[in-house]
Amino acid sequence: MRRAIEITCEAQKELMRKLEPNMTEYQTEAIVEFVFKTNGAEHEGFPSIQGGGPHSCVLHYVTNRRTLVAGDLLVSDIGAEYHGYTADVTRTMPASGKFTPDQRAIYDLVLAAQEAGIAQVRAGKAFRAPHNAAWDVIVKGMKDLEIIKEEGELKRYFMHGTSHYLGLDVHDAGTYGDLKAGSVITVEPGIYIAEGSPCDPRWWGIGVRIEDDILVTGGDPVNLSASAPRKAEEVEALMAK
Ligand code: GLY
Ligand code: MN
């Protein structure tokens, strides 16, 4: 699993170096899958999700036909499969190389939620603990940004769970009871503000997900995908290279 995840992080980094406006989503897919294959990964663990612009708000988007323009965010959700085990790492990056202030506000909120979620990953915690922590951060942040007024409105913008088991399958089998040392789970909160949403249109089309693969231990969580830049300024710095 460590090797599958490392290859996947390399692919995200290569995409950050190469991404630019006028690239198509299928070309970004080609960049990441080239890295998979040249590093010995036999397969993709699941069809590569390369969602740009409005497609950043579409869960499990795999059509990958858009031509990206400056101002688009790209949600890149990918996993190399190596010797039977799969990774699952998502990074969100601006096609232009720089987040707009509004994109950055959403990005930083998802990152803060993910940090809160990762901090809950340890043996003995409930499987839902990372989700509940991430959810609470996003509720507060979305209220502060005046995108929602009530917690009940958040389901429209954050409509999936934060974690799943990872291993031989991308959504691997597991007990979904209390977390056990030796398991690997994802922590992947997101915010998706589709066009037409009942909020200020300035937010429309912003979709952000950040996903890492976390090893459960009796002590602190181990982020197995930490080598792929995650902070906005780190993403921008690599894209500038
Ligand atoms: N990587 C896709 C998913 O977790 O559903
Ligand atoms: Mn996932």
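Just so you know, ligand 1 is whichever comes first in the structure, and atom 1 is the first atom listed for that ligand.
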Q. Between E14 and K18, is there a salt bridge with N-O shorter than 4.0 Å?
A. yes

Q: Would you mind running through ligand 1 and noting each atom that sits below 4.0 Å from a heavy atom of H60?
A: 2 (C), 3 (C), 5 (O)

Q. Looking at the Mn ion (ligand 2), which N/O/S atom of D88 is the nearest one?
A. OD2

Q.
Less than 4.0 Å is my threshold; does some heavy atom of E188 fall inside it relative to ligand 1?
A. yes

Q. To which protein heavy atom is atom 2 (C) of ligand 1 closest, and what is the distance rounded to 0.1 Å?
A. D77 OD2, 3.5 Å

Q.
Just verifying a value: how many Å separate I148 CD1 and K155 NZ, rounded to the nearest 0.5 Å?
A. 12.5 Å

Q: Taking the six-membered ring of Y192 (Phe, Tyr or Trp), confirm whether the NZ or CZ of R209 is under 6.0 Å from its centre and within 45° of its axis.
A: no

Q | Expected output: side-chain S56 to main-chain G207 donor-acceptor under 3.5 Å | A | yes

Q. What is the nearest protein non-hydrogen atom to atom 3 (C) of ligand 1, stated with its residue, atom name and distance?
A. H171 NE2, 3.1 Å

Q. So how far is it from E146 CD to C199 SG, rounded to the nearest 0.5 Å?
A. 11.5 Å

**Q.** Residue E211 atom name (nearest to the Mn ion (ligand 2); N/O/S)
**A.** OE2

Q: Confirm or rule out an N/O/S atom of H171, from backbone or side chain, lying less than 2.8 Å from the Mn ion (ligand 2).
A: no

Q | Close-contact set for ligand 1 against H164 heavy atoms, below 4.0 Å | A | 4 (O)

Q. Which pair of heavy atoms, one from D178 and one from A126, lies closest together, and at what distance?
A. OD1-CA, 3.6 Å

Q: Identify, by name, the N, O or S atom of E188 lying closest to the Mn ion (ligand 2).
A: OE2

Q) Using 30° and 60° as the class limits, which term best fits the ring planes of H131 and W135: parallel, tilted or perpendicular? A) tilted

